[in-house]
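A note on names: the letters A, B, ... follow the listed sequences, proteins ahead of strands, and every chain is numbered from 1. Model, not experiment: these values are computed from the prediction.
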Amino acid sequence: MEGPSLVILKEEAAPFIGKKVLVASGASKLDKDRIINQTLRDLKTWGKHFLMVFDDCTIRIHYLMFGNYYINSRHPEKIPKLTLEFENGEWNNYNCAAKIIEGTDMDALYDWSSDVMNEAWSPAKARKKLAAHPHMLVSDALLDQQLFTGVGNIIKNEVFYRIKMHPESVIGALPPAKLTQLIKEARNYSFDFYNWKKEGTLRKHWLAHTKKICIRCNLPFTKKHTGLNPRRSFFCTNCQVLYTPKDNEGTAVNK
DNA sequence: GAAAATGTTATCAT
DNA sequence: TATGATAACATTTT
């Protein structure tokens with residue numbers, strides 16, 4: 001699950017805010033008794049971290065690759081990792097990692113400005129952080145949760161396709177305007193993802209992820225694991241430009 | 001039916 | 001002690 005999906009969950013679970021946990025159950029090892037009778041005070045997301053803020057602690061849920069949830073219904077056979085029952089409904093979470101964080105001050109723990117879905121998102125800070133990693137491949141940069149919190153592999157592939165950038169381009173070699181475009185589109189596509197996911201049309205809007213043919217060029221895509229975080233990249237070598245350092249710059253000159 | 005994938009963190013080893 | 005490798009989680013799609 002990528003960042004935008006958690007924002008959708010936050011909206012779907014909003015009716016539970018202000019309600020008391022009547023029953024907490026599930027396969028998770030976390031101390032479920034701890035939150036019984038606590039009121040759900042707030043729901044927040046930091047990229048792929050989902051935060052349920054209670055009276056004196058917070059539950060952090062990560063849905064990883066296969067996690068999902070059912071609100072006011074449950075999976076026909078699977079056992080939930082964590083179920084919360086309130087007076088107005090139940091919330092079942094599956095295949096996720098759940099953990100209790102002591103305290104409720106998430107502002108002290110999370111930097112919201114790095115989250116592409118957050119209103120506090122700061123392109124300027126992103127740019128500054130990127131400048132500190134001139135040798136990083138753009139493919140790794142977009143997946144780096146400290147740089148583009150909430151971006152996942154689908155968003156990565158679609159962003160590079162949109163801005164016509166080869167995923168193995170190097171941060172330090174990007175022309176300033178191209179860097180601007182990368183930062184801008186990381187957030188912009190994430191909101192498209194959010195809207196399409198909500199209307200159930202996300203997959204049909206994919207132009208690169210899992211695709212075989214580039215519709216701009218009518219040529220086959222390259223499918224390759226790129227970067228140090230070797231996730232699948234789908235790209236067109238004809239229209240997606242590879243930005244690499246010139247031989248005599250970017251690194252110490254060897255003579 | 002095997003393999004890979006919308007991903008990260010805890011733990012172990014060096 | 002710091003860094004890096006490995007295990008763990010566990011379902012759907014190709």
Considering only residues two or more places apart or on different chains, which pairs with a residue in [range] satisfy salt bridge (Lys or Arg N to Asp or Glu O under 4.0 Å)?
range: residues 138-158 of chain A; answer: none
range: residues 224-241 of chain A; answer: A:Glu168-A:Lys224
range: residues 46-58 of chain A; answer: A:Arg34-A:Asp56, A:Arg41-A:Asp55

Whole angstrom is fine here: how far is it from [atom1] in [X] over to [atom2] in [N]?
X: A:Lys212; N: C:dT14; atom1: NZ; atom2: P; value: 9 Å
X: A:Leu64; N: B:dT6; atom1: CG; atom2: P; value: 14 Å
X: A:Leu6; N: B:dG7; atom1: CG; atom2: C1'; value: 12 Å
X: A:Asn229; N: C:dG4; atom1: CG; atom2: C1'; value: 15 Å
X: A:Arg231; N: B:dA5; atom1: CZ; atom2: C1'; value: 7 Å
X: A:Ile61; N: B:dT8; atom1: CD1; atom2: P; value: 16 Å
X: A:Met65; N: B:dA3; atom1: CE; atom2: C1'; value: 12 Å
X: A:Lys156; N: B:dT6; atom1: NZ; atom2: C1'; value: 11 Å

*Indicate the atoms forming the closest heavy-atom contact of A:Ile171 with A:Leu130, along with that distance.*
CG2-O, 3.6 Å
*In residues 107-117 of chain A, what residues come within less than 4.0 Å of DNA chain C, judged by heavy atoms?*
none
_Counting only heavy atoms and a strict 4.0 angstrom limit, can you tell me which residues of residues 74-83 of chain A come near DNA chain C?_
A:Lys78, A:Lys81
Tell me which nucleotide among [options] gets nearest to the side chain of [X].
X: A:Phe66; options: C:dT11, B:dG7, C:dT13; value: C:dT11
X: A:Asn153; options: B:dA5, B:dT6, C:dC9; value: B:dT6
X: A:His49; options: C:dC9, C:dT14, B:dT9; value: B:dT9
X: A:Asn95; options: B:dG7, C:dT11, B:dT6; value: C:dT11

Per-pair distances, 0.1 Å, donor-acceptor, side chain in residues 20-30 of chain A, under 3.5 Å, sequence neighbours excluded:
unit_1, atom_1, unit_2, atom_2, d
A:Ser28, OG, A:Leu30, N, 3.1

Checking [X] now: which residues fulfil side-chain contact (heavy atoms from CB on, under 4.5 Å) with it, not counting sequence neighbours?
X: A:Ser5; value: A:Met1, A:Phe193, A:Lys197
X: A:Ile213; value: A:Asn218
X: A:Arg187; value: A:Val116, A:Trp121, A:Phe191

Ring centroid separation [X] to [Y] under 6.0 Å:
X: A:Tyr94; Y: A:Phe66; answer: no
X: A:Tyr189; Y: A:Tyr194; answer: no
X: A:Phe16; Y: A:Phe86; answer: yes

Reckon [X] has a side-chain N or O less than 4.0 Å from the OP1 or OP2 of [N]?
X: A:His209; N: B:dA5; result: no
X: A:Arg60; N: B:dT8; result: no
X: A:Gln145; N: B:dG7; result: no
X: A:His62; N: B:dT6; result: no

*asked:* Pick the closest DNA chain B nucleotide for A:Lys99 and for A:Ser5 by heavy atoms, then say which residue is nearer the 5' end.
replied: A:Ser5
_With rounding to the closest Å, how many angstrom separate the P atoms on C:dT6 and B:dT6?_
22 Å
*Given the P atoms of C:dT12 and B:dT9, what is the spacing between them in whole Å?*
23 Å
_For a stem of at least 3 consecutive Watson-Crick or G-U pairs with distances under 3.5 Å, i pairing with j, i+1 with j-1 and so on, which stems involve DNA chain B?_
B:2-5 with C:11-14, B:7-14 with C:2-9
*Does A:Lys44 have any salt bridge (Lys or Arg N to Asp or Glu O under 4.0 Å) partners at least two apart in sequence or in another chain, and if so, which?*
A:Asp42
*Tell me, please, which residues at least two apart from A:Tyr243 pass ring pair (Phe, Tyr, Trp, His ring centres under 6.0 Å).*
none
